[in-house]
Amino acid sequence: MKKPQLATNLSENLEKLNVNREKASKLFSDVIEKAVKKSKPDTPAVLETDLGNQLANQPAPLKIAVLGGGSFGTAMANLSSKNGCDVTLWVRDKRSVKAMQKTHINKKYLPDHKLDERLQFTHDLQAAVKGKDLIFVAVPSAAFRETLQKIAPFISAQAIVSLTKGMEKDTFALMSDVIADELPNVAFGVMSGPNLAKEIMNNMPSATVIASQSAALRLAVQTALHSAFFRVFASDDLIGVELGGALKNIYAIAMGMAAAYDIGENTKAMILTRALAEMSRFGVQAGANPLTFLGLSGVGDLYATCSSTLSRNYQIGNMLGRGMSLDQAIKKLGQTAEGINTIQQVNEKAMKEGIYMPITHALHDIIYEDKAPLGVALNLMEAGFRSDVEFVMPHQVRPTHN
């Protein structure tokens, strides 16, 4: 039996896709026009039409700004540039910009990867966003609101897409809430999924979810990022998709911490499934569709983040489990681990609203109340009796005997 020629077939398919690029673009334009006509009433009508018209009648590539030169922002900028978009990556540090303009390498976050030669770099925020079609915001949650305030004077018909997974400190605001606050008349969306930047840069098959009330925006993001190795799925459940991306960071810290104690596969499976139960309970209370947590932004992102040593939150948890202080772990990591802030925010919200989240409460006790991890873990195992799958059967506080 002859071995299948996978490499040759893939090359042929990619060549056919390239030859038919113009036809595909025309097809996309037709779809855009139909999607705009069916847009939901709560999407700003003028902006929805503007964005749809820009895409449907656009002979030139999509103009995109990516704000934030971390690993994921850089990976998305590189991917959209490779897809033929006109992309500018904004980085706050002027020296870093000069280095990337010269080498096309992000030495701090992705030192082993050469970026697309067409990708542009700037530290000038106005120059980055003015006249663009899409603005991807990939700065840490602590800097998200400030960044939007700075770009607000330069926003006209652009659409905003958050790539930030987290919650604003002290306000419990999701990034979509911050966008609505600071740019109330702008079409926006959020993107989330199992998206480890280094794997994407290595062309390992990956996928993500773009959630928005705007059909035109969803299709624009799919056009900008969808490729042979990166699939982009759509959703209109903004709350569910965004909460999945934020909450999973909590459980990545838990998994990293547990791994420091050499736990077994049974324990890992238990943490993952009970984490998913907590996420869906919290999400439904916030107005999300529980089924969203069974998708890429829920169980998909949860699995990837809890299973990979590339995850910043996993690394923080592992360092904490090995006896480091929180300050020491953050300093050694050298990047933002959104889960640390999220634990505080979600713990407070869950306590106020009576949402049962024992893993989150346990992590809060360990990190912020200085309780012994082993003792907290034992208490978790002795917690009350619960049904296995959320929303299927009622829970019990104690067992019943027939």
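Predicted model, so just to flag it, every value in this text is computed and none were measured.
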Just by distance, do the side chain of [X] and the backbone of [Y] share a donor-acceptor pair under 3.5 Å?
X: Arg274; Y: Ala269; result: no
X: His104; Y: Leu119; result: yes
X: Asn195; Y: Ala207; result: yes
X: Asp116; Y: Leu79; result: no
X: Asn347; Y: Gln344; result: no
X: Glu278; Y: Ile359; result: yes
X: Thr147; Y: Ala143; result: yes
X: Glu242; Y: Ser176; result: yes
X: His226; Y: Arg231; result: no
X: Gln222; Y: Val232; result: yes

Separation of [Y] [atom2] from [X] [atom1] (nearest 0.5 Å):
X: Leu196; Y: Ser206; atom1: CG; atom2: OG; value: 8.0 Å
X: Leu67; Y: Ile160; atom1: CG; atom2: CD1; value: 7.5 Å
X: Ile316; Y: Leu320; atom1: CD1; atom2: CG; value: 6.0 Å
X: Leu115; Y: Leu110; atom1: CG; atom2: CG; value: 7.0 Å
X: Met167; Y: Lys349; atom1: CE; atom2: NZ; value: 9.0 Å
X: Leu125; Y: Lys130; atom1: CG; atom2: NZ; value: 12.5 Å

Side-chain donor-acceptor pair present, [X], [Y], cut-off under 3.5 Å:
X: Thr171; Y: Glu168; value: yes
X: Asn83; Y: Ser227; value: no
X: Asn106; Y: His113; value: no
X: Tyr314; Y: Ser307; value: no
X: Asn289; Y: Asp237; value: no

Heavy-atom side-chain contact between [X] and [Y] under 4.5 Å:
X: Cys306; Y: Leu272; result: yes
X: Phe282; Y: Met357; result: yes
X: Ser212; Y: Asp236; result: no
X: Phe72; Y: Thr74; result: no
X: Thr164; Y: Glu338; result: yes
X: Lys98; Y: Lys102; result: no
X: Ile367; Y: Ile340; result: yes
X: Ser297; Y: Thr292; result: yes

### Message
Before you tell me yes or no, could you show the steps for Asp181 and Arg145 under salt bridge (Lys or Arg N to Asp or Glu O under 4.0 Å), namely the whole-Å CA-CA distance, both residues' side-chain angles and the distance that decides it to 0.1 Å?
### Response
CA-CA 9 Å; Asp181 285 346; Arg145 187 180 295 273; 3.5 Å; yes
Lys/Arg N to Asp/Glu carboxylate O, [X] vs [Y], below 4.0 Å:
X: Asp301; Y: Lys165; result: yes
X: Glu353; Y: Arg281; result: no
X: Glu146; Y: Lys150; result: yes

Which pair of non-hydrogen atoms, one from [X] and one from [Y], has the smallest distance, and what is that distance?
X: Ala252; Y: Ser311; value: CB-OG, 4.1 Å
X: Gly166; Y: Met175; value: O-CE, 3.6 Å
X: Ala65; Y: Ala128; value: CB-O, 3.2 Å
X: Leu89; Y: Gly73; value: CD1-O, 4.2 Å
X: Lys248; Y: Gly245; value: CE-O, 3.1 Å
X: Gln158; Y: Val129; value: NE2-O, 2.9 Å

### Query
Taking it one step at a time, do Ser192 and Val209 satisfy side-chain contact (heavy atoms from CB on, under 4.5 Å)?
CA-CA 5 Å; Ser192 190; Val209 180; 5.8 Å; no
### Message
Would Asn318 and Arg322 count as a side-chain contact (heavy atoms from CB on, under 4.5 Å) here? Give the steps.
### Response
CA-CA 6 Å; Asn318 195 257; Arg322 295 183 186 280; 2.8 Å; yes
### Query
If you count the non-hydrogen atoms of other residues, nucleotides and ligands that lie under 6.0 Å from CZ in Phe154, is the total more than 12?
yes
### Message
One pair to check against side-chain contact (heavy atoms from CB on, under 4.5 Å): Phe172 and Val346. What are the steps and the verdict?
### Response
CA-CA 8 Å; Phe172 194 71; Val346 173; 4.3 Å; yes
### Task
Decide yes or no on side chain to side chain donor-acceptor pair (under 3.5 Å) for Tyr251 and Thr305, but give the supporting numbers first.
CA-CA 8 Å; Tyr251 309 105; Thr305 312; over 6 Å; no
### Message
Is the distance between the ring centroids of Phe136 and Phe188 under 6.0 Å?
### Response
no
### Query
Which one of Lys132, Arg118, Lys63, Gln120 satisfies the side-chain hydrogen bond (donor to acceptor under 3.5 Å, both in side chains) criterion with Asp86?
Gln120
### Message
Quick one, Thr122 with Lys94, criterion side-chain contact (heavy atoms from CB on, under 4.5 Å). Give me CA distance, side-chain angles, the key distance, then yes/no.
### Response
CA-CA 8 Å; Thr122 185; Lys94 191 173 183 179; over 6 Å; no
